[in-house]
Protein chains: 2
Amino acid sequence: MDKATSRKLAAAGWTTGDAQEFLGLSDAEAAFVDMKLALAADLRARRLEKHLNQTQVARIIGSSQSRVAKMEAADASVSVDLLIRALLKLGAERRDVAQAVAASV
Amino acid sequence: MDKATSRKLAAAGWTTGDAQEFLGLSDAEAAFVDMKLALAADLRARRLEKHLNQTQVARIIGSSQSRVAKMEAADASVSVDLLIRALLKLGAERRDVAQAVAASV
DNA sequence: ACACACTACGTCGAATCTGACATAGTGGGG
DNA sequence: CCCCACTATGTCAGATTCGACGTAGTGTGT
């Protein structure tokens, strides 16, 4: 990070220590993973609530059973995009998604 | 117009031509793009609040100025994944992201 | 034990997304 | 007008994610 950038960040109330920066990124990554887990859990809960199996959900959202399984498992090959789109296609409202995003697993 | 009314009109041979339908967007898709717009707006707001330019944000989140511009514009080539990861790296908490997800643009 | 319904997991070609680069556009000072 | 800092847009090769398929695992009823 150059000095000008550092100065501006400091002016905005940031500290530019290397350790903190590292921890900040870690926090961001951890929060992202937790969000993904929460969304995946919500997807499964929503499916079970509707008494659907993964194959039926796959048809509704335009995918395959195997991918639905990976979604619910929060597999590395599944994006948050996909999870959110799936939830919305299952009838979730934006506020429902928001709640899942904020929720702990 | 509620869905029941819309269905009745459709049965009578009418199309209920709102912008959504014209563009061929389902409710789920519309909600998704709205979410994306809200996240993009939040990213820009957060950057401006910190008095950073797009190049500085790009360094923080590990990307390029052009991509940050596209993020803020909610460009089609930008995923919700990327927007959320960017917000978190800029110091947003999960509840902040949730609020953006639920918010209207 | 068998059949059946359901879920998990590895793999793959195709589609999509990403960072980067180049370049164009915009809006203030001087 | 000319710089200058900043933002927007087009493009592209490489990376990631997607749906799909095959198959293995798990539980349940007969």
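Quick note on labels: first sequence line is chain A, next is B, and so on, each numbered from 1. Worth saying up front: this structure is predicted, and the values here are computed from it rather than measured.
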*So which nucleotide from dG19(D), dT17(D), dT11(D) ends up closest to the side chain of Ser79(A)?*
dT17(D)
*Counting only distance, no hydrogens or angles, is the base of dC21(C) paired donor-acceptor with the side chain of Ser66(B) under 3.5 Å?*
yes
*Between atom CE in Met71(A) and atom C1' in dT17(D), what is the gap in whole Å?*
11 Å
*asked:* Does dG19(C) have OP1 or OP2 under 4.0 Å away from a side-chain N or O of Arg85(B)?
replied: no
_From dA8(C), dC6(C), dC18(D), nucleotide with atom closest to Val78(A) side chain_ = dC18(D)
*Can you tell which of dT18(C), dT7(C), dG19(D) lies closest to the side chain of Ser63(A)?*
dG19(D)
*asked:* Within the 4.5 Å heavy-atom criterion, are Gln56(B) and Lys50(B) side-chain neighbours or not?
replied: no
*Which pair of heavy atoms, one from Leu39(B) and one from Ala100(B), lies closest together, and at what distance?*
CD2-CB, 3.8 Å
_Quick check on DNA chain C: between Arg67(A) and Glu72(A), whose nearest nucleotide comes earlier from the 5' end?_
Glu72(A)
*Candidates dA8(C), dT11(D), dA8(D) - which lies nearest the side chain of Arg44(B)*: dA8(D)
*5' precedence on DNA chain C between Ala73(A) and Leu82(B) (nearest-nucleotide basis)*: Ala73(A)
*Could you tell me the separation between the CD1 atom of Ile84(B) and the P atom of dC17(C), rounded to a whole number of Å?*
14 Å
*Nearest-Å distance, CG (Leu83(B)) to C1' (dT18(C))?*
13 Å
_Short side-chain N/O contact from Arg47(B) to OP1 or OP2 of dT7(D), under 4.0 Å_ = yes
Pairs of donor and acceptor atoms involving the side chains of residues 90-98 of chain B, under 3.5 Å and at least two apart or interchain, shall be tabulated with distances.
| unit_1 | atom_1 | unit_2 | atom_2 | d |
| --- | --- | --- | --- | --- |
| Arg94(B) | NE | Val101(A) | O | 3.0 |
| Arg94(B) | NH2 | Val101(A) | O | 3.1 |
| Arg94(B) | NH2 | Ala103(A) | O | 2.1 |
| Asp96(B) | OD2 | Glu93(B) | N | 2.8 |

*Could a donor-acceptor pair under 3.5 angstrom be found where the side chain of Gln65(A) meets the base of dA8(C)?*
yes
*asked:* Between C1' on dA15(C) and CG on Asp81(A), what's the gap in Å once rounded to a whole number?
replied: 14 Å
*Reckon Ser64(A) touches a base, only the sugar-phosphate, or nothing at all at heavy-atom distances under 4.0 Å?*
base
*List the steps and the verdict of side chain to side chain contact (heavy atoms under 4.5 Å, CB included) for Arg85(B) and Ile61(B).*
CA-CA 8 Å; Arg85(B) 275 189 264 121; Ile61(B) 70 179; over 6 Å; no
*Between dG19(C) (C1') and Ile60(B) (CD1): distance, integer Å*: 17 Å
*Whole angstrom is fine here: how far is it from CZ in Arg59(A) over to C1' in dC6(C)?*
14 Å
*What is the distance from CZ of Phe32(B) to C1' of dT16(C), rounded to the nearest Å?*
12 Å
*Counting any heavy atom closer than 4.0 Å, what does Val68(B) reach on the DNA or RNA strands: base, sugar-phosphate only, or nothing?*
nothing
*Which is true for Ala86(B) with a 4.0 Å heavy-atom rule: it touches a base, it touches only sugar-phosphate, or it touches nothing?*
nothing
*Would you kindly check whether a donor in the side chain of Lys70(B) faces an acceptor in the base of dG19(C), or vice versa, at under 3.5 angstrom?*
no
*Test applied, side chain to side chain contact (heavy atoms under 4.5 Å, CB included); reference residue, Lys70(A); option that passes from Ser64(A), Ser77(A), Ser63(A)*: Ser77(A)
_Rounded interatomic separation in angstrom, taking CD from Gln54(A) and C1' from dA5(C)_ = 12 Å
*Which heavy-atom pair separates Leu43(B) from Ala86(B) by the least distance, and what is that distance?*
CD1-CB, 4.0 Å
